J.: 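Take a look at the following structure, please.
A quick note: this is a predicted structure, and the numbers were derived from the prediction, not measured. The sequence lines fix the lettering, A, B, ..., with proteins before strands; numbering per chain opens at 1.
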Amino acid sequence: MAKNKKPQKVKARLIRGFNDRSSSDIRATDEMMGKIQNVFELYGFDPIETPFLEYTDALGKFLPDSDRPNEGVFSLQDEDEQWLSLRYDLTAPLARHVAQNINEITMPYRTYRAGWVFRNEKPGPGRFRQFMQFDADIVGAPNVSADAEMCMMMADTMEALRIKRGDYVIRVNNRKILDGLFEAIGVFDEGQKLSVLRAIDKLDKFGLDGVKLLLGDGRKDESGDFTKGAELNELQIDNVIKFCNPDNFQTSNYEGSLQKDPLKTINYFRSLFENSIYTSGLDELESLAKLVIDSGYGPKGYFSGRIHIDPSVVRGLEYYTGMVYEAELLFDVTNDKGQKVQFGSVGGGGRYDGLIKRFTGQAVPATGFSIGVSRLMSALKNLDRLEKTQMPAPIIVCVMDKSRVADYQKMVMELRKKGIRAEMYQGNPKNFGKQLQYADRRNSPAAIIAGSDEFEQGIIQIKDLVVGKEASQNIKDNEQWKSERPGQFECKRSELVKKILELPAIKAWLNK
RNA sequence: GCCGCCUUAGCUCAGUUGGUUAGAGCGCUAGAAUGUGGAUCUAGAGGUCCCCUGUUCGAUUCAGGGAGGCGGUACCA
């Protein structure tokens, strides 16, 4: 039997969780990031950039009691056998940068940065293994006012991205009140604490009933998989539910409608438990709430949904020490297949007073947040809330006569000088029809046609492809289509730029 | 990690109750029409039917294992 004579073809494939980005995606993302950047600059933040790779120990990602990095990060060993890892967020590298340059940096240090981060974990809807984050941090700012400012900036950023007030919410919590809760209900085992926190974190996903199950024996999901619970007793469960049940949030009448009142809510929480860490967390939340309200970001006179106190916000468990906050979208998101998808938060952050101390031994208080640009992009795409920047395709100068290439290039140059995208056809010019087909498929606004006839007379043909496209709908017969040459007109060679500038498609773009 | 569904042409998908040559639409290439896009017509290229092992005279089809994709769930800085 004959063996495979064909050479094995290499299979073109992407690593899962990694994606190619289309031109329209890149343009939309750039535009989005420009808007975010404007807000951050306005708030007085300056950019900084760190590399993709860091020493694994600087990221704090060695497994305990092991000389191997955590599996969740992409890691490799350098020639000298030191472990390197791709950054998994932008905060750990910032802490390294600050620690390394602490003498040159003026505190409080307001800084922002955007970049790709990498996580070696299973991708999900809107979750990738390489994705873009946009961070802002204030380093060397110990006060709640810094946290409040971060929350307000996050709200302003959402609105700069044309996410309407009411379509998003910034939810704020303080880790100290969670610690106070554990003290109050008598949970001291670290593992059990984690289970409780995770259960609370699932409130928006599974509702109160789901959380109850997770606090108790456990919960079975739709696919039949079982999650073990925190195994609290009934009294403890009751207390936790009282703590995170949104129905217990207190309301006030603002401008004729009942809205959540953060100050009343905080008083309600004060009545639940009493211990020093719990109270100090609530004090911090209260001063944040007051600042936010005084600055016009709270409920008074506004829809209530801008900045909320919400004890079910947990965030990551690793380095946050006080305030934590999270930006969440409130509208439904469906994927390409029309299935409704759990979207969750598009950004978040908090106070990390201990992160820089790892390097310097000296406590440097810091607070910051991170926007998941890639996730936010897919949500906005979904919502059709992206501005469609219609970067027009280039004008195509057709090649009719190979000996005239220099002349064609000259036309292209003239157009480019005026800021109009233009190119000479670089494919095989043998078939003239192909050139127009190319222009058509690229959605070019116009094609320039000049052969020996035109050169002799000192003219060119300009074909307005937009006009032609419209005309084509009513022409069924090819003879007619060809003889009419819809959208095509001739002009003097010297009028090339002038006539192109008069095309409606070009005018519309230049007026933007 | 665990659970469910899925995997046939570049794309979307049919189909083979186990049989010789595996199909469609779209897309692509060429021609009708060599200086005019769209529509139309004609022809052509393109397949290890996800992989491995087993059962069988014979496996794309059946069985077992694996990989990949999607979704849920867990973990998540």
J.: Would you mind classifying the nucleic acid contact of A/Glu454 as base, sugar-phosphate or nothing, using non-hydrogen atoms under 4.0 angstrom?
T.: base
J.: How about A/Tyr425 and A/Tyr438: are their ring centres within less than 6.0 Å of each other?
T.: yes
J.: Look at the side chain of A/Asn120 and the backbone N and O of A/Gly72, then say whether any donor-acceptor pair between them is shorter than 3.5 Å.
T.: no
J.: Could you say whether A/Ile15 or A/Asn70 is positioned toward the 5' end of RNA chain B, judged by the nucleotide with the nearest heavy atom to each?
T.: A/Ile15
J.: OP1 or OP2 of B/rA33 sitting under 4.0 Å from any side-chain N/O of A/Lys434?
T.: no
J.: Looking at the base of B/rA77, is there any donor atom on it, or on the side chain of A/Lys61, that sits under 3.5 Å from an acceptor on the other one?
T.: yes
J.: Can you measure A/Lys228 atom NZ to B/rA74 atom C1' for me and round it to whole angstrom units?
T.: 14 Å
J.: Starting from the 5' end of RNA chain B, give me the residue, A/Arg441 or A/Asn431, whose nearest nucleotide shows up first.
T.: A/Arg441
J.: Using the side-chain heavy atoms of A/Lys205, tell me which of these nucleotides is nearest: B/rU73, B/rG37, B/rA77.
T.: B/rU73
J.: Categorize A/Asp453 for me: base, sugar-phosphate, or nothing, with a 4.0 angstrom heavy-atom threshold over every strand shown.
T.: base
J.: Where the side chain of A/Thr157 meets the backbone of A/Met153, is there a donor-acceptor pair that is under 3.5 Å apart?
T.: yes
J.: With ring centroids as reference points, do A/Phe74 and A/Tyr88 lie under 6.0 angstrom apart?
T.: no
J.: Less than 4.0 angstrom between a side-chain N/O of A/Arg16 and OP1 or OP2 of B/rG69, yes or no?
T.: yes
J.: Name every donor-acceptor pair, under 3.5 Å, that has one atom in a side chain of residues 445-454 of chain A and the other anywhere in the protein, sequence neighbours excluded.
T.:
residue: A/Glu454; atom: OE1; partner: A/Gly451; partner atom: N; Å: 2.8
residue: A/Glu454; atom: OE2; partner: A/Gln461; partner atom: NE2; Å: 3.4

J.: Name all pairs fulfilling the side chain to side chain donor-acceptor pair (under 3.5 Å) condition that reach into residues 472-481 of chain A, sequence neighbours left out, sorted by first residue then second.
T.: A/Gln480-A/Glu484
J.: Can you say whether a donor on the side chain of A/Gln461 sits under 3.5 Å from an acceptor on the base of B/rG35, or the other way round?
T.: no
J.: Return the nucleotide paired to B/rC11: Watson-Crick means purine N1 to pyrimidine N3 with N6-O4 or O6-N4, wobble means G-U with N1-O2 and O6-N3, both under 3.5 Å.
T.: B/rG25
J.: Choosing from B/rU36, B/rG35, B/rC76, which nucleotide comes nearest the side chain of A/Arg127?
T.: B/rC76
J.: For A/Val117, report the nucleic acid contact type (base, sugar-phosphate, nothing); a contact means any heavy atom under 4.0 Å.
T.: nothing
J.: Sort out the partner of B/rU42 for me: Watson-Crick or G-U wobble, both distances under 3.5 Å, none otherwise.
T.: B/rA30
J.: Please state whether the phosphate of B/rU73, meaning OP1 or OP2, lies under 4.0 angstrom from any side-chain nitrogen or oxygen of A/Arg219.
T.: no
J.: Is it true that A/Phe118 and A/Phe131 have ring centroids separated by less than 6.0 Å?
T.: no
J.: Any base atoms under 4.0 Å from A/Ile449, or only sugar-phosphate, or nothing? Heavy atoms, all strands.
T.: base
J.: Paired with B/rG68 by Watson-Crick or G-U wobble geometry, both distances under 3.5 Å: which nucleotide is it?
T.: B/rC6
J.: Does B/rU17 have a Watson-Crick or wobble mate here (both distances under 3.5 Å), and if so which one?
T.: none
J.: Looking for any heavy atom pair under 4.0 Å, which part of the strands does A/Gln488 touch: base, sugar-phosphate only, or nothing?
T.: base
J.: In terms of side-chain heavy atoms of A/Arg119, which of B/rU36, B/rG37, B/rC76 is nearest?
T.: B/rC76
J.: Salt bridge between A/Arg96 and A/Glu54, side-chain N to carboxylate O under 4.0 Å?
T.: yes
J.: Considering only B/rU73, B/rG35, B/rA77, which nucleotide approaches the side chain of A/Lys122 most closely?
T.: B/rU73
J.: Could you tell me if A/Ser370 and A/Asp135 have a donor-acceptor pair between their side chains, going purely by distance under 3.5 Å?
T.: yes
J.: Given that both distances must come in under 3.5 Å, which nucleotide forms a Watson-Crick or G-U wobble pair with B/rU60?
T.: none
J.: Which of the following nucleotides, B/rG37, B/rA74, B/rA77, is nearest to the side chain of A/Asp89?
T.: B/rA77
J.: Between the base of B/rC76 and the side chain of A/Arg198, is there any donor-acceptor pair under 3.5 Å?
T.: no
J.: Contact class for A/Ser370 (heavy atom, under 4.0 Å): base, sugar-phosphate, or nothing?
T.: nothing
J.: Sort me out a list of protein N/O and nucleotides 39-41 of chain B N/O pairs below 3.5 Å, or just none if empty.
T.:
residue: B/rA39; atom: N6; partner: A/Asn478; partner atom: ND2; Å: 3.1

J.: Let's see if you can work this out: which of B/rG35, B/rA74, B/rG37 has an atom nearest to the side-chain heavy atoms of A/Trp481?
T.: B/rG37
J.: CD of A/Gln435 versus P of B/rU34: gap in Å, rounded?
T.: 15 Å
J.: Should B/rG1 form a Watson-Crick or G-U wobble pair with both distances under 3.5 Å, which nucleotide is its partner?
T.: B/rU73
J.: Using a heavy-atom cut-off of under 4.0 Å over every strand shown, decide if A/Tyr352 touches base, sugar-phosphate, or nothing.
T.: nothing
J.: Is there a donor and acceptor pair closer than 3.5 Å between the side chain of A/Gln437 and the base of B/rU36?
T.: no
